[in-house]
Amino acid sequence: MTFRGKEMMKKVLKNVGGEKNLAPGLKESLKKCIPDSKVVMGRAKRGLYAGRHIQFGNRVSEDGGNKSRRTWKPNVQEKRLFSYILDRHIRVKVTTHALRCIDKAGGIDEYLLKTPYHKMDTEMGLYWKAKIEKLYEELGKMEVVFFSPEDEEKFEQGFKDLKLSERAARREARRQMYGLSYKHREIEGGQVEGQVTDEDAARTGDGSSHHDFPEQLVANT
């Protein structure tokens, strides 16, 4: 299955949230990079393929040289790539060639920023490139505040205290949970033992019959 560039443009604008979320002049550059006659693999819209798509050729037999049509599909892997601007992992399907390009660029963000639009021939690549560029543009407009070393030490100490308190809360929750279950097992075990002793006492009477039995045997003999 294939889809054309005009459909790709509509889907990219829909995923971004409309033309208002695009950077100035970005739509015109997208139109230049996505001609109407461009045809891309259907499953390429779900990953980063870096120009690797299905190829067609012939299979030639060794005996008679007979030719039969065949296809070569790209090696696609599903990976989790970390984005610094999003501060989270992105699960995406990439080709091995795209992985090498990402490693060479220094990360998924750098790869999307450095790769020109005419090489982003997949819907997901264009979508993430437009989104990353918009986020970096917003980040550039933010004011930068530098903290003093004393404030940084206070922040670090606060984070450490927060981690210690969370660890203590988890430890206390585990202690309560396992302590209650252990006490519950002890109570149930005590009840079972009490039932067994009552049954033994009822079966043996006052408990002296099995002691008197050897003496009765001796008297009878």
Side-chain angles (χ1 to χ4, degrees), residues 11 14-17 21 43-49 75-96 98-113 122-125 127-211:
K11 291 181 180 179
K14 183 179 179 181
N15 291 332
V16 172
N21 292 331
R43 67 170 182 166
K45 61 183 179 181
R46 299 186 296 272
L48 300 175
Y49 279 43
N75 185 6
V76 182
Q77 307 288 331
E78 187 174 358
K79 299 292 182 180
R80 292 173 67 249
L81 305 175
F82 185 77
S83 174
Y84 289 99
I85 188 65
L86 298 175
D87 196 20
R88 65 181 179 88
H89 284 87
I90 302 172
R91 186 177 295 276
V92 63
K93 293 182 179 181
V94 294
T95 59
T96 52
L99 278 177
R100 290 194 295 271
C101 294
I102 291 171
D103 292 338
K104 185 177 180 180
I108 183 67
D109 297 341
E110 289 77 7
Y111 168 74
L112 293 173
L113 292 173
T122 61
E123 179 185 351
M124 180 171 284
Y127 165 67
W128 281 111
K129 182 174 176 63
K131 187 173 181 179
I132 294 298
E133 285 185 349
K134 184 175 181 298
L135 290 174
Y136 270 100
E137 183 181 1
E138 294 177 355
L139 183 64
K141 296 178 181 179
M142 294 182 181
E143 296 181 359
V144 181
V145 179
F146 296 97
F147 296 99
S148 61
E150 293 79 8
D151 294 337
E152 291 182 357
E153 291 181 359
K154 291 180 181 179
F155 290 147
E156 291 180 359
Q157 187 63 32
F159 286 130
K160 289 180 181 179
D161 296 340
L162 180 62
K163 289 182 179 179
L164 291 175
S165 62
E166 290 178 353
R167 191 178 301 171
R170 288 196 298 267
R171 190 184 300 113
E172 184 65 24
R174 286 196 300 266
R175 185 182 295 111
Q176 291 180 0
M177 181 176 63
Y178 293 120
L180 290 175
S181 61
Y182 181 72
K183 291 180 180 178
H184 187 64
R185 286 198 300 269
E186 284 186 347
I187 293 171
E188 289 183 351
Q191 291 177 356
V192 171
E193 290 178 358
Q195 293 175 2
V196 171
T197 54
D198 294 341
E199 292 175 358
D200 293 340
R203 186 169 53 251
T204 58
D206 58 351
S208 60
S209 60
H210 63 280
H211 295 291

**Prompt:** How far apart are the closest heavy atoms of Thr95 and Tyr49, and which atoms are they?
**Reply:** OG1-O, 3.1 Å

**Request:** Of all the heavy-atom pairs spanning Ile108 and Ser83, show the shortest one and how long it is.
**Result:** CG2-CA, 3.9 Å

How long is the span from the [atom1] atom in [X] to the [atom2] atom in [Y], to the nearest 0.5 Å?
X     : Y     : atom1 : atom2 : answer
Phe82 : Asp87 : CZ    : CG    : 5.0 Å
Arg80 : Arg88 : CZ    : CZ    : 11.0 Å
Leu99 : Asn75 : CG    : CG    : 9.0 Å
Lys93 : Leu48 : NZ    : CG    : 12.5 Å

**Complete:** Glu133 meets the salt bridge (charged side-chain N to carboxylate O under 4.0 Å, His left out) criterion, sequence neighbours left out, with Lys129

**Prompt:** Can you name the residues that form a side-chain hydrogen bond (donor to acceptor under 3.5 Å, both in side chains) with Glu138, not counting sequence neighbours?
**Reply:** Lys134

Could you pull out all residues at least two apart from [X] that satisfy side chain to side chain contact (heavy atoms under 4.5 Å, CB included)?
X      : result
Glu150 : Ser148
Glu110 : Ala105, Lys114
Ser165 : Leu162

**Asked** Within a radius of less than 6.0 Å around OH of Tyr84, do more than 12 heavy atoms belonging to other residues, nucleotides or ligands occur?
**Response** no

**Prompt:** Does a sphere of radius 6.0 Å around CZ in Arg167 hold more than 12 heavy atoms from other residues, nucleotides or ligands, not counting ones at 6.0 Å or beyond?
**Reply:** no

**Derivation and outcome, salt bridge (charged side-chain N to carboxylate O under 4.0 Å, His left out), residues Lys163 and Glu166** = CA-CA 5 Å; Lys163 289 182 179 179; Glu166 290 178 353; over 6 Å; no

**Test side chain to side chain contact (heavy atoms under 4.5 Å, CB included) applied to Lys154 and Gln157, step by step** = CA-CA 5 Å; Lys154 291 180 181 179; Gln157 187 63 32; 5.7 Å; no

**Prompt:** Less than 4.5 Å apart, any side-chain heavy atom of Ile132 and any of Tyr111?
**Reply:** no

**Prompt:** Quick one: ring-ring contact (aromatic ring centres under 6.0 Å, His included) partners of Tyr136, sequence neighbours excluded?
**Reply:** none

